[in-house]
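Notes for the one structure printed next.
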There are 2 protein chains.
Amino acid sequence: MKPFTVRFERGRGALLDTLEANGSDRMTRFAFTVEFDGRPFMGWQRQAHGPSVQQALEDAIHAITGEQAVIHAAGRTDAGVHGLAMHAHADIEKPITPFRLMEAMNARLRPQPVAIMGCEIVPGDWHARFSCTGRSYVYRIANRRAPLTFESGLVWRVIQPLDAAAMQEAAQLLVGRHDFTTFRSAHCQAESPLKSLDRLDVERDGDRIAIHAEARSFLHHQVRSMVGCLALVGMGRWTVEDMRAARDAKDRAALGLNAPPDGLYFVRARYPG
Amino acid sequence: MKPFTVRFERGRGALLDTLEANGSDRMTRFAFTVEFDGRPFMGWQRQAHGPSVQQALEDAIHAITGEQAVIHAAGRTDAGVHGLAMHAHADIEKPITPFRLMEAMNARLRPQPVAIMGCEIVPGDWHARFSCTGRSYVYRIANRRAPLTFESGLVWRVIQPLDAAAMQEAAQLLVGRHDFTTFRSAHCQAESPLKSLDRLDVERDGDRIAIHAEARSFLHHQVRSMVGCLALVGMGRWTVEDMRAARDAKDRAALGLNAPPDGLYFVRARYPG
């Protein structure tokens with residue numbers, strides 16, 4: 001990919017004027033809102049040996065533009081984790097409006113379960129990952145005995161009755177600034193295990209439990225690890241004090257359970273302004 | 001299957017006492033609540049040339065009991081139509097508790113997307129189809145431009161913006177006792193096209209539209225045909241008066257559109273008492 005001059009265009013008219021005036025030696029930065037079902041993917045990030053959401057998107061852009069654009073995302077989800085509104089961006093040279101790019105990408109992405117829900121032009125210094133100031137996830141549990149039908153791979157089925165009130169109480173011990181080493185994958189590449197968790201709420205609706213997590217950023221496996229321990233509290237196998245002890249141990253060995261990827265959804269990313 | 005004497009047992013203890021006292025020449029009627037994802041099935045009813053929910057259930061019972069039990073259901077859904085709480089029954093000779101039968105069936109049904117959500121013993125004159133006094137369906141529409149990801153085959157995607165208020169107004173023209181010939185499949189086996197529709201409500205929640213239908217019974221394709229015409233009203237291609245004219249035509253040729261099976265769910269059946 002050749003070096004590019006970033007354009008700071010916001011309006012469609014201005015963009016087209018610029019593209020016409022400057023020809024093809026200009027890159028435009030497009031931001032995408034992406035919904036994806038993580039079941040068939042090895043994760044968001046491009047992998048050598050299996051399908052990824054990143055590759056699906058980059059292949060679609062290549063088919064449309066002939067360009068080898070690189071997609072950058074607000075977060076990198078693991079295999080089997082889903083996205084409701086993942087934000088991502090790519091720099092594209094071909095003159096095309098956001099609407100036509102979105103439509104062409106959706107046509108090319110079929111039949112893969114990835115959809116471009118929104119597309120817009122952003123300033124060249126806007127970065128889906130580095131500009132992001134907040135990320136939210138939801139973890140969905142089906143608290144039922146019967147096997148899953150519609151949602152196999154889309155929720156975590158927990159057979160044991162879960163006490164959502166006890167889970168909510170334990171969750172509040174994790175909110176705030178803590179050393180989350182206990183809840184961090186051995187493969188986590190973050191510089192520090194210190195993170196500020198802004199929200200961790202457990203809500204029950206019938207046989208469904210949703211756990212909402214919000215922070216500026218998360219460690220690798222942090223949400224799944226927190227959810228796994230909350231489930232132990234819900235089952236009565238851990239007390240709320242056991243959760244406090246696990247947190248304070250700052251030791252991965254103190255982790256009770258890592259929840260499966262099935263129930264995890266990247267909900268949205270927040271950006272300034 | 002040999003002739004059987006039906007037992008009128010309600011309690012588990014009484015059942016086991018009876019089974020022990022009478023041996024294996026007694027049948028017990030079990031009622032099931034069944035959840036199923038209709039995507040892989042040719043419909044509820046057993047077919048010669050493809051998988052059906054009925055066959056999945058009968059095969060599971062056969063594997064557990066060695067018996068060729070026949071499953072009777074509150075309704076027979078078409079290919080691709082789903083069930084949230086379909087009620088069904090079967091007569092079984094083998095001494096087994098409802099809980100153990102449910103567990104064994106769920107184990108045998110895997111990996112098919114069919115789950116027994118409840119199982120109980122009912123009187124021998126209780127019939128899932130003939131005792132049923134009310135049936136409810138919901139039809140789910142995703143009113144969005146982007147292709148479906150999680151819910152391909154589980155909702156009807158309609159790209160054109162739908163006016164749910166106009167749809168609701170048109171829907172009320174169908175509530176009550178009418179000749180529903182316009183909304184009836186050519187293959188419908190009902191004796192009369194006269195039906196009483198108790199409820200037809202259109203509710204929007206974001207980009208989702210749910211259409212709730214309730215009646216004692218429905219004609220073949222009635223819900224899908226009503227929904228198809230409501231969608232035409234929602235798109236502005238039909239006026240509310242066009243819906244009235246279609247109803248009054250009592251002619252299948254007046255049907256505007258038959259909605260696809262994807263969005264249709266049998267919600268529940270009602271029984272006296």
Side-chain angles (χ1 to χ4, degrees), chain A residues 32-41 53 56-57 60 80-86 98-119 138 140 142-155 157 159 206-208 262-267, chain B residues 32-41 53 56-57 60 80-86 98-119 138 140 142-155 157 159 206-208 262-267:
Chain A
F32 305 100
T33 304
V34 186
E35 179 185 281
F36 63 94
D37 176 346
R39 286 177 290 188
F41 297 106
V53 183
L57 295 170
V81 174
H82 318 289
L84 299 180
M86 176 64 84
F99 181 76
R100 290 190 60 187
L101 179 59
M102 176 172 72
E103 292 282 288
M105 287 180 72
N106 279 334
R108 291 282 179 178
L109 284 163
R110 286 185 173 177
Q112 300 166 102
V114 180
I116 309 296
M117 306 297 292
C119 179
V138 65
R140 294 178 175 161
N143 193 199
R144 63 187 245 174
R145 187 160 189 94
L148 300 171
T149 59
F150 302 102
E151 296 182 297
S152 182
L154 294 177
V155 296
R157 177 174 66 122
I159 294 176
D207 69 359
R208 295 313 173 99
D262 310 44
L264 186 58
Y265 295 73
F266 185 96
V267 175
Chain B
F32 306 100
T33 305
V34 186
E35 179 186 282
F36 63 93
D37 176 344
R39 286 177 288 187
F41 297 106
V53 183
L57 295 169
V81 174
H82 319 288
L84 299 179
M86 176 63 85
F99 181 76
R100 290 190 61 188
L101 179 59
M102 176 172 72
E103 291 283 287
M105 286 180 72
N106 279 334
R108 290 282 179 177
L109 284 163
R110 284 184 176 179
Q112 299 166 102
V114 181
I116 309 296
M117 305 297 292
C119 179
V138 65
R140 293 179 176 160
N143 194 198
R144 62 187 245 175
R145 188 160 188 94
L148 300 171
T149 59
F150 302 102
E151 294 183 297
S152 182
L154 295 176
V155 296
R157 177 175 66 122
I159 295 176
D207 69 359
R208 295 313 171 100
D262 310 44
L264 186 58
Y265 295 73
F266 185 96
V267 174

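So that the names make sense, note that chain A is the first sequence line, chain B the second, and so on, each numbered from 1. Values reported hereafter were calculated over all heavy atoms of this structure, with side chains retained and with hydrogens, waters and symmetry mates removed.
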So the side chain to side chain donor-acceptor pair (under 3.5 Å) pairs with at least one residue in residues 142-153 of chain A (sequence neighbours excluded) are A/N143-A/R204, A/R144-B/E35, A/R145-B/E103, A/T149-B/E35, A/E151-A/R208
Given that the side chain runs from C-beta out, which part of A/L154 has a heavy atom under 4.5 Å from chain B: side chain, backbone, both or neither? side chain
Using ring pair (Phe, Tyr, Trp, His ring centres under 6.0 Å) as the criterion, list what pairs up with A/F41, not counting sequence neighbours. none
Just checking heavy atoms, which of residues 105-115 of chain A are less than 4.5 Å from chain B? A/N106, A/R110, A/P113, A/V114, A/A115
Mind checking ring pair (Phe, Tyr, Trp, His ring centres under 6.0 Å) for B/Y265 and listing every partner two or more places apart, or none if nothing turns up? A/F150, B/H82
